[in-house]
Protein chains: 2
Amino acid sequence: MKVTIKDIAREAGVSVTTVSRVLNNKVDVSPKTRQKVLDIINKLNYNPNSIARGLVMNKTYTIGLIVPDISNSFFAEIAKAIEEEIRSYGYSVIFCNTGNDKKRERESINLLKSKQVDGLIGAFSNASKEEIIALNKSGFPVVQIDRLVEDSQVPSVVVDNTVSGYLATEYLIKKGHKRIAHISGSLDTNTGIRRAAGYKKAMLENGLVVEEDLIIEGDFSQESGYQAMMQIMEENKDLTAVFAGNDMMALGAYRAIYDLGLKIPEDISIIGHDDFTLASLVRPALTTMQQPIYEIGELAARVLIDMLKGRKNKEPLIVVNTRLVERSSVKTIH
Amino acid sequence: MKVTIKDIAREAGVSVTTVSRVLNNKVDVSPKTRQKVLDIINKLNYNPNSIARGLVMNKTYTIGLIVPDISNSFFAEIAKAIEEEIRSYGYSVIFCNTGNDKKRERESINLLKSKQVDGLIGAFSNASKEEIIALNKSGFPVVQIDRLVEDSQVPSVVVDNTVSGYLATEYLIKKGHKRIAHISGSLDTNTGIRRAAGYKKAMLENGLVVEEDLIIEGDFSQESGYQAMMQIMEENKDLTAVFAGNDMMALGAYRAIYDLGLKIPEDISIIGHDDFTLASLVRPALTTMQQPIYEIGELAARVLIDMLKGRKNKEPLIVVNTRLVERSSVKTIH
DNA sequence: AACGTTACCGGAAACGTTTTCAATATCATT
DNA sequence: AATGATATTGAAAACGTTTCCGGTAACGTT
């Protein structure tokens, strides 16, 4: 049923080679026959088979994208950026959702390689570290986003969470706060560790003490933010501000504070991290560190494209900056 | 560099055919040679080329997904559901983001067909109506989500927005409200039209009058919800409730009401539609009509799988129900 | 008229698989 | 030992493209 290049050739009375030539805008075909072929193509509604083409050219114009959770707005936004950028170069993207499952992550890598993708972008966990490094060493184009496999020489685009955590905390300090708590993200993720490290660094460098019971570990979820906030408030009545490891937890903290009958920012100031959609929508609007999410996706795509084109990228590590977005959840203390 | 089935065959001292057989778990190969081949495969780290396989089998085990905006949580969640469901059947998904651009929508369809996807799931606009219908008629597996191309016989899974709008409005009425406004979504989308129709039907059937200046058209965006609410309040001081065409606009209405110095639900009750993530996070928590988003994706995937397996689906239209989620944004009037 | 260029075209191999068909090896049965 | 059945194997075609290499036609130059 499917119309192939052979059908076109037969119908137009030319060889397959010639049809291929007009398909690819090659020279060596007269205007007349080109037109004739074009007409037939149109008439028969012919659509070239990329699979066959991919087989001979050893190139599929498809890349793979591996994310833990596409329904997480962070990754959804990145996916969008990648798709739009890479499409403009004629590529499309197959995406795999791992659900943070290491096994599925490895399966996905194999699946995508099997599907002959030309390159890979992913937020990989440390579990796939060797695989990624091997891939990269073998010359296969991979770029990492968000998460960092260290000392690996595999191109990555990430934010520097240490300085971002530092900046957030420093902002609070500059606003006059001294008793500042931190609700950290999971401390088995680089992200969580780094932001906490930035918090400590800022405290120390500004002559404040870091008290261990002012740091509570959450897991980036709203509920964990709520619990952490409750726990902190129980023991530290004199607290004036908290830096939440992400906006989701900040929102949990919001709820806890309301439930305690307190007000933001009058009683407690809060700064978050990420600037997800809700941050500007919630009341009081959340002051937070904005990640340039779309830019991360765009950059990752661009780096990959460079590699696909065989261009050597000099700097494997691209660090993008977060930006403080001042809204209404932090008050100045005099 | 890439190791192929031929390399395995040579190394194992058997034919390509035999290797193919063990690859596909066919009978007709002795345990001894099977093991030998398996060993070599393992040693050489061989990964079959799906592209080549796809060419001969005329099946790629890949489907296409076309959405207007993957960074919209609704579609992100659907994408996740589809990927997870369809992966369990051995398929993967290429996704295209159209940005609501009709041209890109058509391009995407062609691209995906060119990549020989086995099927297509999409939230298509009316612009691609003929194309979708033609595809379906030709026997190519397509299923529509969210948006409905009417009278087309192409399998769709959608919510019935008319009854959903009806239910939302009816709830308000049952709570004792009489002066109820509606901030509609864009009235050039079926979704917007239907929900508004449901609103009117509920009003009429309950003996209330529908006043045209109590219906204001928004465009599903937060800002439009804000503007619409402001406009309504200017002219209708005696209003007690509003049904917002989606949660995003409900949030805009929240802001407007706060800016007016009024309180929810004491002064004005609000019901939304969709139950997106923020709905439960915002204060007061938003009462809304919940769409079973994950289920929509799952069902769409399942319907497609059925078609891929050649099973004939009897009922082209699958309607899923929305569910009222009562929270704190509507008060009872006595 | 002979030759050299240039423009245009086609045959066939190749890409990495699956599958059809036929061939061979093995073994039990007589 | 011959036969038949069964288990195991391989050669080659096919899938729909691109590309290499060569060939013919047309035309201008000498």
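Throughout, a chain's letter reflects where its sequence line sits, starting with A, and its residues are numbered from 1.
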Can a donor-acceptor pair be found between the side chains of Lys102(A) and Ser128(A) at a distance below 3.5 Å?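 There is no such pair (donor and acceptor under 3.5 Å, judged by atom type) between the side chains of Lys102(A) and Ser128(A).
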Is it the case that the side chains of Thr18(B) and Ser15(B) hold a donor-acceptor pair, with the cut-off being a distance below 3.5 Å and no angle test? yes
Gap between atoms [atom1] and [atom2], on [X] and [N] respectively (whole Å):
X: Arg34(A); N: dA7(C); atom1: CZ; atom2: P; value: 14 Å
X: Tyr61(B); N: dT17(C); atom1: OH; atom2: C1'; value: 14 Å
X: Ile51(A); N: dT18(C); atom1: CD1; atom2: P; value: 14 Å
X: Asn49(B); N: dA14(C); atom1: CG; atom2: C1'; value: 14 Å
X: Asn47(B); N: dT17(C); atom1: CG; atom2: C1'; value: 13 Å

Side chain of Ser186(A), backbone of Thr189(A): donor and acceptor closer than 3.5 Å? no
For [X], report the nucleic acid contact type (base, sugar-phosphate, nothing); a contact means any heavy atom under 4.0 Å.
X: Lys59(A); value: nothing
X: Thr33(B); value: sugar-phosphate
X: Asn24(A); value: sugar-phosphate
X: Val16(B); value: base
X: Lys26(A); value: sugar-phosphate
X: Thr18(A); value: sugar-phosphate

For Arg10(A), side-chain contact (heavy atoms from CB on, under 4.5 Å) partners two or more places apart: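 Once residues adjacent in sequence are excluded, the partners of Arg10(A) under the side-chain contact (heavy atoms from CB on, under 4.5 Å) criterion are Asp7(A).
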First and last nucleotide of DNA chain D, 5' to 3', lying under 4.0 Å from heavy atoms of chain A: dG16(D) to dC20(D)
Could you check Leu308(B), Asn58(B), Leu304(B), Thr62(B) and say which one makes a side-chain contact (heavy atoms from CB on, under 4.5 Å) with Asp118(B)?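 The passing option is Leu308(B).
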How do Asp28(B) and Pro48(A) order along DNA chain D: which one's closest nucleotide is nearer the 5' end?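 It is Asp28(B), whose closest nucleotide lies nearer the 5' terminus.
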Between Met57(B) and Arg21(B), name the one whose nearest nucleotide on DNA chain D is closer to the 5' end.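 Closer to the 5' end of DNA chain D: Arg21(B).
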Below 30° counts as parallel, above 60° as perpendicular, anything between as tilted: where do the rings of Phe95(A) and Phe95(B) land? perpendicular
Taking OP1 and OP2 of dT18(C), is either one under 4.0 Å from a side-chain nitrogen or oxygen of Ser20(B)?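 Yes, such a contact exists.
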Which residue lies more 5' along DNA chain C, comparing Leu55(A) with Gly13(A) via nearest heavy atoms: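 The 5'-side residue here is Gly13(A).
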Sequence neighbours left out, what passes ring-ring contact (aromatic ring centres under 6.0 Å, His included) with Phe220(B)? Give chain and number order.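 Expected list: none.
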